[in-house]
Amino acid sequence: MDERDIYREEILEQYRHPHNFGALEKPDASAFAANPICGDEITLELQVKDGSVADVAFKGTGCALSVASASLFTEWMRGQKIAALKKVTPEFVEQLFKAPVGPARLHCVHLPLGALRKALDEI
Amino acid sequence: MITRNQFPIFKKHPKLVYFDSAATSQKPQSVIDAINEFYTSTNAPVHRGVYASAEGTTSAYEGVRDQVKEFINAKHREEIIFTSGTTLSINTVVNGFAQTLSSDDRVLLTDMEHHAMIVPWQATAQWMKFAIDFAPLTSNGRLDLSAFKNLLAKKPKFVGVTYASNVLGTVNPIKEIVALAHQAGAVVLVDAAQAIAHMPVDVQELDCDFLVFSGHKMYGPNGVGVLYGKKELLEKLPPFIYGGHMIESVSREKTTYAPIPAKFEAGTPPVAEVIGLGAAISFIKGLGWDEIEKHEQALVEHALEMFRGVSDVTLLGPLDSKDRAPIFSFTVAGVHPHDGASLLDRSGIAVRAGHHCTQVLHESLSLGASMRASLAIYNTKEEIDVLGTALQGLKKKLYG
Ligand SMILES: Cc1ncc(COP(=O)(O)O)c(C=O)c1O
């Protein structure tokens with residue numbers, strides 16, 4: 001598979017063994033988002049210290065792209081300022097894949113961002 | 001296969017395995033040519049000008065009405081209304097009929113209906129306050145006829161039922177359903193969107209009150225469809241879309257409406273699309289139903305065998321080939337339908353993933369989504385084998 005393929009090995013590895021998968025002991029914020037189109041679900045948890053993300057975790061079920069997106073995205077979040085998280089755009093999440101996401105699959109890739117935005121409302 | 005080379009898209013993409021014909025079918029050269037020829041040689045308004053090309057356009061347009069009448073064996077040509085597709089056809093019937101319902105009334109649908117049938121009824125029920133019942137399915141994906149009969153005992157005023165399920169491939173016993181519904185005093189609307197390309201439809205034989213379908217699922221163009229209704233019912237049904245052509249006379253005070261079919265054909269109609277629909281009917285008749293049914297029945301049997309042979313695949317519809325359209329929805333254990341469809345696309349196979357506009361059906365099966373392979377006359381057994389091989393490899397591709 002070519003390296004601009006969204007289903008390349010590197011992304012599938014994120015699906016098979018997602019980073020930050022699980023739950024936090026004492027989250028400061030927690031939010032759930034679901035995709036009614038395909039039933040995908042994610043729960044995102046954040047631990048905040050001095051205005052930055054000290055720890056992050058997610059749980060849920062979904063397609064390879066929504067799980068890989070949550071894996072890549074949470075990996076990026078760690079250590080970021082809350083102010084920076086508030087500025088994240090859907091396009092930013094897409095570019096974490098380093099490959100074009102077809103229009104039919106954008107909703108998969110955007111799912112973790114929906115959860116993040118809800119979580120930020122709690123902080 | 002005799003017909004594949006008549007579809008120019010397969011000349012452009014010889015390896016394309018197109019398994020999404022339930023969403024929209026490909027178009028034969030003759031349909032494309034008819035539309036091209038219309039715009040090249042005769043384009044003029046319909047039902048208006050007195051000059052020669054306008055008269056030619058009108059007679060071509062009205063000629064297709066005769067063709068459709070013959071195609072579905074309607075009694076009268078004015079029982080054929082051209083619409084933009086199944087969705088507008090259903091909305092036209094529902095909007096008109098719902099106005100006669102009150103809070104004591106019920107409408108009976110089935111769990112396998114498309115959103116195009118469910119949503120118009122639900123939306124109008126909000127203001128007319130009637131109740132909607134849904135007839136359940138059996139565990140093998142067929143309509144539960146005894147449950148359907150029990151619901152008919154509640155005396156619904158209207159029954160809306162699909163001829164063939166766009167997900168399960170189930171072909172419903174429409175003649176029997178219509179007879180039962182009529183005995184219970186209901187008016188019946190048949191959604192033939194998924195039947196019309198696969199089997200002969202005879203509205204007088206079925207005795208249905210309304211029957212609807214789209215051109216683009218029967219090798220014709222987008223943007224045109226048909227609403228058939230029995231003459232006396234269409235005459236009573238109020239119009240849905242208002243404007244030019246559907247009137248008899250307009251004054252400052254009031255408008256009187258034209259007789260059918262004009263009453264339901266407001267505005268400038270999609271003339272080229274109607275002419276394309278006529279070419280699609282000619283194409284189907286040219287092949288002949290015997291040929292089409294023989295070929296597709298062989299595809300159904302081959303596909304059922306293929307699906308049986310792939311581990312981890314669960315087929316949603318009936319497992320027997322009787323009364324079954326070549327539409328196969330399935331899940332693969334451990335493979336999300338969207339991943340499955342995206343990975344099959346990488347093998348050149350076009351299938352659809354999602355709920356296919358049937359969330360009620362998917363909920364009744366406790367599923368969020370499925371993959372769907374839907375076939376048509378240009379498909380081959382070899383293509384089914386290509387799908388089978390690709391399905392075998394899906395899990396490995398995803399999990400390494
Ligand atoms: C059973 C059924 N009914 C209605 C429709 C709606 O048809 P259209 O989108 O052409 O209006 C479809 C197709 O999507 C269908 O499969």
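Reckoned from all heavy atoms, side chains included, excluding hydrogens, waters and symmetry mates. Order of the sequence lines fixes the chain letters, A, B, ..., with proteins taken first and strands second; residue numbering starts at 1 for each chain.
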Salt bridge flag under 4.0 Å for residues D55(A) and K26(A):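 So D55(A) does not pair with K26(A) through a salt bridge.
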Taking only Lys NZ, Arg NE, NH1 and NH2, and the carboxylate oxygens of Asp or Glu, determine whether R105(A) and E94(A) approach each other closer than 4.0 Å.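 No salt bridge links R105(A) with E94(A).
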Whether the side chain of T24(B) engages the backbone of H216(B) through a donor-acceptor N/O pair (distance < 3.5 Å, no angle test) should be reported.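 Checking the backbone N and O of H216(B) against the side chain of T24(B), a donor-acceptor pair under 3.5 Å is found.
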Name the region of H107(A), side chain, backbone, both or neither, that has any atom closer than 4.5 Å to a heavy atom of chain B.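 Contact with chain B is through the side chain of H107(A) alone.
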Side-chain donor-acceptor contacts of residues 56-70 of chain A below 3.5 Å, not counting sequence neighbours, with atom names and distances?
unit_1: S66(A); atom_1: OG; unit_2: D40(A); atom_2: OD2; d: 3.3
unit_1: S66(A); atom_1: OG; unit_2: C63(A); atom_2: N; d: 3.3
unit_1: S66(A); atom_1: OG; unit_2: C63(A); atom_2: O; d: 3.3
unit_1: S69(A); atom_1: OG; unit_2: V109(A); atom_2: O; d: 2.7

Pick whichever of G340(B), A369(B), G400(B), G354(B) has the most heavy-atom pairs under 4.5 Å with chain A.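 Sorted descending by pairs with chain A, the first entry is G400(B).
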Option that, when pairs with chain A are counted at under 4.5 Å, heavy atom only, ranks first among G368(B), P337(B), S342(B):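 Top option by heavy-atom pairs under 4.5 Å: S342(B).
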